[in-house]
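The residues of the chain are indexed from 1 along the displayed sequence. Predicted model only: the values in this text are computed from it and were never measured.
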Amino acid sequence: MAASSETVLITGASSGIGRELAHCFAHAGSNCILLARSEGELHALADTLKTEYGISASVLPADLSTSGVAVDIKRQLDERDLSVDVLVNNAGFGARGRFANLDPERQVDMVQVNVTALTDLTRRLLPPMLERNRGGVLNVASTAAFQPGPYMSVYYATKAYVLSFSEALSDEVVDTNVTVSCLAPGPTRTAFVEEADMVDAPLFQWGAPMTPNAVAQAGYQGFRAARTLTIPGWPNTIGAFMVRFVPRSIARGMAGWLNR
Ligand SMILES: NC(=O)c1ccc[n+]([C@@H]2O[C@H](COP(=O)([O-])OP(=O)(O)OC[C@H]3O[C@@H](n4cnc5c(N)ncnc54)[C@H](OP(=O)(O)O)[C@@H]3O)[C@@H](O)[C@H]2O)c1
């Protein structure tokens with residue numbers, strides 16, 4: 001499909017990997033619908049994308065931690081007569097610490113944003129893609145998806161869900177022109193690090209974080225190549241592969257050490 005006739009909805013477009021993914025799609029000529037809570041950031045990005053790439057960009061402010069938010073998003077899209085060819089489920093956040101000590105509401109919000117909203121949006125926007133037999137879904141997981149993560153237990157579990165869900169869906173649509181692709185970044189230099197209280201964690205001290213631009217480029221290319229899974233950066237690729245060969249107890253022990 002010519003990207004110029006395509007509309008892409010990107011969640012978490014106000015910063016980091018989502019903002020860079022918006023640049024990737026807009027650069028290729030896709031029209032963008034930008035979703036996050038920070039309305040000012042979204043408007044500034046929409047103006048930049050319109051000016052730099054000559055595409056149309058609109059803003060859809062929403063809090064994905066709100067129950068039933070996908071219904072409201074679909075209603076707003078229908079009211080504005082916007083059909084979504086590509087859904088990028090990128091919004092997400094983490095929190096570091098012992099599960100028993102972390103804020104309970106924030107943990108539940110994390111499941112709502114990282115898992116429930118992603119699933120509900122996909123369920124509401126995938127069927128029209130299948131009817132048109134074009135477009136697809138790009139879900140942002142993490143290398144956290146490949147093993148349990150002590151001291152970030154809920155975050156790792158949400159990303160394991162995203163990976164499993166995406167891989168299964170990818171097979172369900174394999175005989176169509178619709179793509180379901182999963183991007184699993186390792187440590188990346190974005191606001192996520194402060195937000196998750198990870199600044200002094202060994203993972204980010206020694207993990208050689210990638211830039212959000214490099215991660216987004218890899219995810220975009222993986223989606224366009226209809227790859228089920230893209231892991232940006234060779235150290236992350238090797239790490240995700242090697243974890244298959246060590247006992248689960250060792251894998252989670254290492255993750256826990258990196259999160260301490
Ligand atoms: N950075 C890393 O090391 C890393 C590694 C692996 C995977 N990831 C994943 O990459 C994705 C993007 O994260 P990032 O690193 O780019 O971090 P980021 O710069 O903090 O971006 C997170 C995005 O999610 C949005 N968001 C958060 N809560 C939201 C809510 N309740 N409703 C709507 N939007 C919400 C934020 O927008 P508002 O605050 O404006 O709402 C922001 O646009 C996440 O899924 C993250 O788990 C990150």
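The side-chain heavy atoms of Val180 and Thr122, taken from C-beta on, include no pair separated by under 4.5 Å. Within the 4.5 Å cutoff, the side chain of Asp109 has no heavy atoms near those of the Asp103 side chain. Looking at heavy atoms from C-beta onward, Leu87 lies in side-chain contact with Met129 at the 4.5 angstrom threshold. Between Tyr220 and Glu20 the shortest side-chain heavy-atom distance does not fall below 4.5 Å. Side chains of Arg19 and Thr190 form no contact here, defined as non-hydrogen atoms less than 4.5 Å apart. In this structure the side chain of Arg37 never reaches within 4.5 angstrom of the side chain of Ser14, judged on heavy atoms. With contacts defined as side-chain heavy-atom distances shorter than 4.5 Å, the pair Ile17/Phe192 does not qualify.
Residue-environment remark: CZ (Arg80) exceeds the threshold of 12 foreign heavy atoms within 6.0 Å. Around the CZ atom of Arg123, the shell of radius 6.0 Å holds no more than 12 heavy atoms that belong to other residues, nucleotides or ligands. Around atom CZ of Arg260, no more than 12 heavy atoms belonging to other residues, nucleotides or ligands sit under 6.0 Å away.
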Take Glu195 and Arg106, measure what salt bridge (Lys or Arg N to Asp or Glu O under 4.0 Å) needs, and give me the verdict at the end. CA-CA 12 Å; Glu195 180 79 8; Arg106 202 164 142 73; 3.7 Å; yes
Given Arg75 and Asp72, is the salt bridge (Lys or Arg N to Asp or Glu O under 4.0 Å) satisfied, shown in steps? CA-CA 5 Å; Arg75 184 185 50 74; Asp72 191 46; 2.2 Å; yes
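Between the side chain of Thr66 and the backbone N or O of Val69, no donor-acceptor pair lies under 3.5 Å. The backbone N or O of Phe146 sits nowhere less than 3.5 Å from a side-chain atom of Lys159 that would complete a donor-acceptor pair. Of the possible donor and acceptor atoms, none in the side chain of Ser170 sits under 3.5 Å from a partner among the backbone N and O of Ser166. Asn90 contributes a side-chain N or O that, together with a main-chain N or O of Thr11, makes up a donor-acceptor pair within less than 3.5 Å. Arg252 places no side-chain N or O within donor-acceptor distance of the main-chain N or O of Pro148, the cut-off being under 3.5 Å. Distance alone, capped at 3.5 Å, is enough to place a donor-acceptor pair between the Gln147 side chain and the Thr143 backbone. Looking only at distances, a side-chain donor or acceptor of Asp85 sits under 3.5 Å from a matching main-chain atom of Thr7. Judged by distance alone, with hydrogens and angles left aside, the side-chain atoms of Ser30 form no donor-acceptor pair with the main-chain N or O of Glu6 at under 3.5 Å. Formation of a donor-acceptor pair under 3.5 Å by the Thr188 side chain with backbone atoms of Gly186 is found in this model. In terms of modelled atom types and a separation under 3.5 Å, the side chain of Arg96 and the main chain of Ala196 share no donor-acceptor contact.
Between Trp257 and Trp206, the angle of the ring planes lies from 30° to 60°, which puts this pair in the tilted group.
The one candidate from Thr116, Asn114, Thr119 that meets the side chain to side chain donor-acceptor pair (under 3.5 Å) condition with Tyr161 is Thr119.
In this structure, Thr158 OG1 and Phe165 CZ are separated by 13.5 Å, a value rounded to the nearest 0.5 Å. Interatomic distance, OG of Ser181 versus CD of Glu167, reported as 10.5 Å (0.5 Å rounding). To the nearest 0.5 Å, the span separating CG on Leu82 from NZ on Lys74 amounts to 10.5 Å. Taking CG from Leu35 and CG from Leu121, the interatomic distance works out to 7.5 Å, rounded to the nearest 0.5 Å. Once rounded to the nearest 0.5 Å, the distance linking CZ of Arg224 with CG of Leu138 reads 10.0 Å. To the nearest 0.5 angstrom, Phe93 atom CZ is 10.5 Å from Tyr155 atom OH.
Phe223 and Val84 fall into different hydrophobic clusters, where Ile, Leu, Val, Met, Phe, Trp and Tyr are joined by side-chain heavy atoms under 4.5 Å apart, directly or via other members.
Looking at residues two or more places apart in sequence or on another chain, you find a salt bridge (charged side-chain N to carboxylate O under 4.0 Å, His left out) between Arg124 and Asp120.
Every pair passing ring-ring contact (aromatic ring centres under 6.0 Å, His included) that includes a residue from residues 30-71 is listed here, sequence neighbours excluded: His23-Tyr53, His27-Tyr53.
Nearest heavy-atom pair, Phe99 versus Ser153, reported as atom, atom and distance to 0.1 Å: CB-OG, 3.7 Å. Pairing each heavy atom of Pro232 with each of Ala184, the nearest pair is CD-O, 3.3 Å.
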